Each structure stands twice: as structure tokens, then as C-alpha cells.
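First the structure, in the form of C-alpha cells, and then the observations on it.
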Amino acid sequence: MEAYIGTDDRASHARFGRTDRNRPMYGPPGHAYVYLVYGMYDCLNIVTEPVDHPAAVLVRATEPLEGLDVMRASRSALRAARRKTAPRTALRTPPDHRLASGPGLVAAAFGIDVTWTGVDLCDPASPLRLEEAPDDEPPPAVRATPRIGIAYAGTPWTEHAWRFVITGHPSASGPASLR
DNA sequence: ACAACGATCAACT
DNA sequence: GTTGATCGTTGTC
């Protein structure tokens, strides 16, 4: 997960204030904010603050537990559809635990695109939703690191340790040194 | 109307 | 470690 909060956060989509795209960030917490980056990849965010306080966490990675075959299929389908020229080398299939180890890969694995923006992730009837962890499941150890892939190098906004990984988790996104 | 660029990924050197 | 793919959003003119 990676946190973005407020209009002062120069790395956040809310830095321009309220726009058509980032409207869900200003909406109620627990809803999805999905956007397209680099013309190719969808990114799933979860709104985290009350109405009119723009903030969200980007889901950078998930651990694939069920439907791995579906994840593999939708990922390669999306890759093929969005690549003009075929690679010279055969495409490598990633290890199962890395099927959703990046924000664009999470969306690809779950088949999420921008049409999902705004859905209520706390609605038990939603096909895409958050659920309570089982009582017998202890919370994992979490490590905080700087955020990844944001511009404004040298500003305080690149320094904040607002990226959170489950310590040592093999499905985490980003460089191995930051897991 | 237009130009720049981005919360990325995978291929390539 | 570097770079191409690809297009909606945003700021500027």
C-alpha cells in the first residue's frame, strides 16, 4: 500500500484540487478510486478520509490466493492486447506469488479497470470488496519505506515513508531491498 | 486547440 | 541500468 493525502501532497492526484478524474478521492472513505497511468495500466486505490478530505491508498501488490489461472490468463491477455510488436524473446510466465506484485498487475490480475472507480468496497454485495480478517489471524509485521515512482525528487514528498509492505513478503512490489 | 507528462511494466543493452 | 509503449488528464495559449 502507498498513501497519498491532501492537496499539499505534490505526488497526489489531489494536488490540482478537485477534478473529474480524482472526484472519488473527495468522496466517502472505503470507496474505490481507479485511474489509468501511462496510457496502459489501471491502478486501484482505496479512499481513506472523510468526504472533502482527498486521500487514498494505492494497492501496490496483493498475494494471489485463489483463481491463479484466471489471473494468469487476464494478465497475458491484457499484455497481448496492449503490445503492438511481439517481443523477440519468448514471454516468461512469472512465479505464482508475483502475479499481482505491482499496482498495474493487481488491476490486471483482478480484471479491474477505470469503470470500477467509485464503487463501495465496504458493500458486502459488491463483487469487489474489503473483508474483515479472521479473528485468529494475527496482524502482519509492517515496514514503512519511501514511496515509489513519484517525481518531485528532492522535495519532502519523496522522503515520507508512506509506502507500507508486509515485512519480507514475497509478493511485495518494488525492489527486493525495500521488502 | 495543443503539448507535456504520468502513483508502470517489460523488453532490451 | 535504460528505454519504448500508449493515451487520458491537465495546464497553457
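Each chain gets a letter, A, B and so on, in the order the sequences are listed, and its residues count up from 1. Remember, predicted model here, so these are calculated numbers, not experimental data.
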Selection residues 132-142 of chain A - residue pairs positive for side chain to side chain donor-acceptor pair (under 3.5 Å), sequence neighbours left out: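 Side chain to side chain donor-acceptor pair (under 3.5 Å) check on residues 132-142 of chain A returns no pairs.
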
Starting at atom [atom1] of [X], determine the distance to atom [atom2] of [N], rounded to an integer number of angstrom.
X: A:Tyr41; N: B:dA11; atom1: OH; atom2: C1'; result: 10 Å
X: A:His13; N: B:dT8; atom1: NE2; atom2: P; result: 9 Å
X: A:Ile148; N: B:dT8; atom1: CD1; atom2: P; result: 8 Å
X: A:Arg147; N: B:dG6; atom1: CZ; atom2: P; result: 15 Å
X: A:Ile5; N: B:dA7; atom1: CD1; atom2: P; result: 18 Å
X: A:Leu99; N: B:dC9; atom1: CG; atom2: P; result: 13 Å
X: A:Tyr33; N: B:dA7; atom1: OH; atom2: C1'; result: 9 Å
X: A:Asp42; N: B:dC9; atom1: CG; atom2: C1'; result: 13 Å

Rounded P spacing from C:dT6 to B:dC2 in Å: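 That atom pair is separated by 23 Å.
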
Basic-acidic side-chain contact under 4.0 Å: A:Glu2, A:Arg147: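 Answer for the salt bridge query: no.
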
Under-3.5 Å donor-acceptor pair between A:Tyr35 side chain and B:dA7 base: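 Side chain to base: pair present.
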
Within the 4.5 Å heavy-atom criterion, are [X] and [Y] side-chain neighbours or not?
X: A:Arg15; Y: A:Asp9; value: no
X: A:Val59; Y: A:Asn45; value: no
X: A:Pro64; Y: A:Asp96; value: no

Geometric class of the A:His160/A:Trp162 ring pair [parallel <30°, tilted 30-60°, perpendicular >60°]: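 Geometry flag for A:His160 against A:Trp162: parallel rings.
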
Matching residue for A:His13 among A:Tyr4, A:Tyr35, A:Tyr26 - test: ring pair (Phe, Tyr, Trp, His ring centres under 6.0 Å):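 Answer to the ring pair (Phe, Tyr, Trp, His ring centres under 6.0 Å) test with A:His13 among A:Tyr4, A:Tyr35, A:Tyr26: A:Tyr35.
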
Sorted by number, the residues of residues 14-30 of chain A with heavy-atom contact under 4.0 Å to DNA chain C: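 Going residue by residue through residues 14-30 of chain A, the ones with a heavy atom under 4.0 Å of DNA chain C turn out to be A:Phe16, A:Thr19, A:Arg21.
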
Pi stacking test for A:Tyr38 and B:dT8: under 5.5 Å apart, planes under 30°: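 So A:Tyr38 counts as stacking on the base.
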
Test item: A:Ser173 side-chain N/O and A:Gly102 main-chain N/O as donor-acceptor pair under 3.5 Å: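 Such a contact is absent between A:Ser173 side chain and A:Gly102 backbone.
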
From B:dC9, B:dG6, C:dG8, nucleotide with atom closest to A:Leu36 side chain: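 Of the candidates, C:dG8 comes closest.
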
No-hydrogen, no-angle side-chain donor-acceptor test under 3.5 Å, A:Arg143 and A:Thr167: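 Side-chain D/A pair, A:Arg143 to A:Thr167: absent.
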
Pairing string, 5' to 3', for DNA chain C - Watson-Crick or wobble contacts under 3.5 Å, brackets [ ] where pairs cross, | to another strand: |||||.||||||.

